[in-house]
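To keep things clear, I will list the structure first and then write my remarks on it.
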Amino acid sequence: MQNAVTELMRISPLADELAKLFAKAGYGLYLVGGSVRDMMLGRLSSDLDFTTDARPDQVLKIVSAWGDAVWDVGIAFGTVGVTKQGMTLEITTFRADSYDRVGRNPEVTFGDSIEGDLLRRDFTVNAMAIDLANQTFVDPHDGLQALQDRVLDTPATPQESFADDPLRMLRAARFSAQLGFTAAPRVVDAMTSMADEIDRITAERVQAELSKLLLAGDPRPGIELLVETGLADRVLPEVSGMRLAIDEHHQHKDVYQHSLTVLEQAIDLETSHEPTSEPDLILRLAALLHDIGKPATREFQPGGGVSFHHHEVVGAKMARKRLRALKFSKEIVQDVSQLVFLHLRFHGYGKGEWTDSAVRRYVTDAGDLLPRLHKLVRADCTTRNRKKAAALQATYDDLERRIEAIQAQEDLDRVRPDLNGEEIMRILGLKPGPDVGKAWKHLKELRLDRGPLEHDDAVAELKKWAADNGIGG
């Protein structure tokens, strides 16, 4: 409560001013939902949510002359947006919606009381309000106690809440990750028995919640809740499927637990070299999904061993298919699947046996993803054997030093053949066409294998290749 008072005083000039405008027009105004929750936690943002008994057209009339900017994109759902002194405010009329329980879009119905409005909210920690007219606390569902206990529970029964909007089940997992809260037993039971209801939600909305979960400070509890309740079987079945496979390097734990640890270690590496960097969704997705190909490639070997040959190839295809189904952007799909495909290649490095050509190919195939690949490969070391872990990290240190040395010499970030397309056409007497592309590709392969060539050597190699393949004059 002291946090709430402190935060309320910080924003009170603006909130008081707005509340007085509503009171003058004969309406109440409440700070509500996530804004109150975050205020209690001492982390209030500049985006504030209010609710009122005024109808949307009346809200618009009240704030139009007051706000620096006003928008009514959400007015059909009772929401009017306004900016004032750098703060973004959303003011929504009390809601008393009903749901057809086929989709998740409600039949919008406006209510007449703050208590009715709070009852329809997702969790009790989001069902608190502050009456700005007299600065009193409104908490009919013991949200403050739930906040203190760090528990996620629902104002109505979980069955009613999730039947109205199944997306709330994913929000429970997301809040577990973002806030470190634990879902109440009855919430977990409802999520488990109603997991198939998530099929009513569009892939785009599912993806948005999963992305927020993965970008949280600690995604692991959220992912574990999805797997525990069976929701992961509906939205990320490849993740829960990893529980079936034993990691060949760590037979005391399954690939699922290993992958969660890799995710945690990748998150730690995000800021170890770049303290100001933002959470990296591509890296986190790759860390979570890097071993999803193992169940499909598992083979038991004589003597009790287990192998997962080419699981990185299978995993890349699986990642691409799942991310497309979840409507991620083409860039994210491509980058994550490429990281999954490349994550195992380092293990062929041995004790530095790679040639410079192999190092060049590693860098070229990673392209712009190389910094992320470095982090993913390092995070993939989860052995408890300190000597083995130190040896792996030292080996990767050696690879990075070799990459830096070669890059300094050759500018590997922009590997190009030693002759461009125009030179190839002039030397071989070709017109634009497929043969020019084949020649360019051949010269690039030479560049990767042998490093930069002198101009005369490049011309000689081009002519030799053309003669061998019957190309040009």
Side-chain angles (χ1 to χ4, degrees), residues 273-274 280 282-283 286 310 312-313 316 320 330-378 394-473:
H273 300 296
E274 304 164 80
D280 188 339
I282 290 171
L283 176 63
H310 305 302
E312 75 282 8
V313 178
R320 188 177 296 111
K330 290 181 180 179
E331 293 76 15
I332 290 178
V333 172
Q334 178 59 36
D335 288 352
V336 173
S337 59
Q338 182 70 352
L339 285 170
V340 172
F341 177 71
L342 293 174
H343 85 273
L344 205 62
R345 187 175 295 185
F346 159 72
H347 293 284
Y349 187 73
K351 296 182 179 180
E353 290 91 347
W354 275 4
T355 62
D356 285 353
S357 171
V359 175
R360 291 187 193 98
R361 290 183 184 278
Y362 187 76
V363 173
T364 302
D365 289 348
D368 293 339
L369 295 173
L370 186 62
R372 288 187 174 112
L373 183 59
H374 288 333
K375 294 172 186 175
L376 177 60
V377 173
R378 290 185 180 276
T395 302
Y396 205 82
D397 288 343
D398 181 67
L399 173 59
E400 286 202 53
R401 282 193 293 269
R402 287 186 62 188
I403 288 172
E404 290 174 4
I406 294 173
Q407 282 179 321
Q409 294 173 12
E410 305 176 11
D411 194 16
L412 261 183
D413 289 333
R414 294 185 295 275
V415 172
R416 293 289 186 272
D418 295 283
L419 302 173
N420 62 32
E422 291 184 0
E423 290 174 306
I424 290 169
M425 288 189 288
R426 177 175 53 78
I427 292 166
L428 298 182
L430 297 176
K431 294 182 178 180
D435 287 343
V436 178
K438 292 176 184 177
W440 189 93
K441 185 175 181 181
H442 171 71
L443 289 175
K444 182 176 181 180
E445 290 295 313
L446 281 178
R447 174 76 161 75
L448 289 170
D449 284 337
R450 294 164 50 180
L453 299 177
E454 295 293 337
H455 183 270
D456 290 346
D457 292 336
V459 171
E461 289 289 349
L462 174 64
K463 289 181 177 179
K464 179 178 181 301
W465 172 85
D468 292 342
N469 289 273
I471 293 175

inquiry  = salt bridge (Lys or Arg N to Asp or Glu O under 4.0 Å) for D356 and R402? Distances and angles first, verdict last.
reply    = CA-CA 8 Å; D356 285 353; R402 287 186 62 188; 2.9 Å; yes

remark   = Tightest non-hydrogen contact, residues A286 and V340, listed as O-CG2, 4.3 Å

ask   = Looking only at heavy atoms, what is the nearest atom pair of A366 and L373, with distance?
value = CB-CD2, 3.9 Å

Beyond-backbone contact of [X] with [Y], side-chain heavy atoms, under 4.5 angstrom:
X    : Y    : answer
R447 : L453 : no
W354 : R361 : no
D365 : F341 : no
L370 : H374 : yes

inquiry  = Between V363 and R360, does the side-chain contact (heavy atoms from CB on, under 4.5 Å) criterion hold? Intermediate values first, please.
reply    = CA-CA 5 Å; V363 173; R360 291 187 193 98; 5.9 Å; no

Which distance, rounded to the nearest 0.5 Å, do you find between the [atom1] of [X] and the [atom2] of [Y]?
X    : Y    : atom1 : atom2 : value
D368 : D335 : CG    : CG    : 8.5 Å
E312 : L339 : CD    : CG    : 13.5 Å
L448 : T364 : CG    : OG1   : 4.5 Å
D449 : E445 : CG    : CD    : 6.5 Å

Could you list the residues that satisfy side chain to side chain donor-acceptor pair (under 3.5 Å) with [X], not counting sequence neighbours?
X    : value
N469 : none
E400 : R378
Q334 : none

ask   = Any donor-acceptor pair under 3.5 Å linking the side chain of H347 with the backbone of L344?
value = no

ask   = Is it true that a side-chain atom of R320 and a backbone atom of S337 form a donor plus acceptor pair closer than 3.5 Å?
value = no

Name the atoms and distances for all side-chain donor-acceptor pairs under 3.5 Å in residues 419-426, with sequence neighbours left out.
from, atom 1, to, atom 2, distance (Å)
N420, OD1, E422, N, 3.1
N420, OD1, E423, N, 2.9
E423, OE1, N420, N, 2.9

Donor-acceptor pairs under 3.5 angstrom involving side-chain atoms of residues 456-467: please list them, not counting sequence neighbours.
from, atom 1, to, atom 2, distance (Å)
E461, OE2, R450, NH1, 2.9
K464, NZ, D468, OD2, 3.3

ask   = What do the steps show when you test L342 against Y362 for side-chain contact (heavy atoms from CB on, under 4.5 Å), and what is the final call?
value = CA-CA 8 Å; L342 293 174; Y362 187 76; 5.8 Å; no

query = Taking only residues two or more places apart in sequence or in another chain, which ones pass side chain to side chain contact (heavy atoms under 4.5 Å, CB included) with D280?
reply = E270, I282, L283, R372

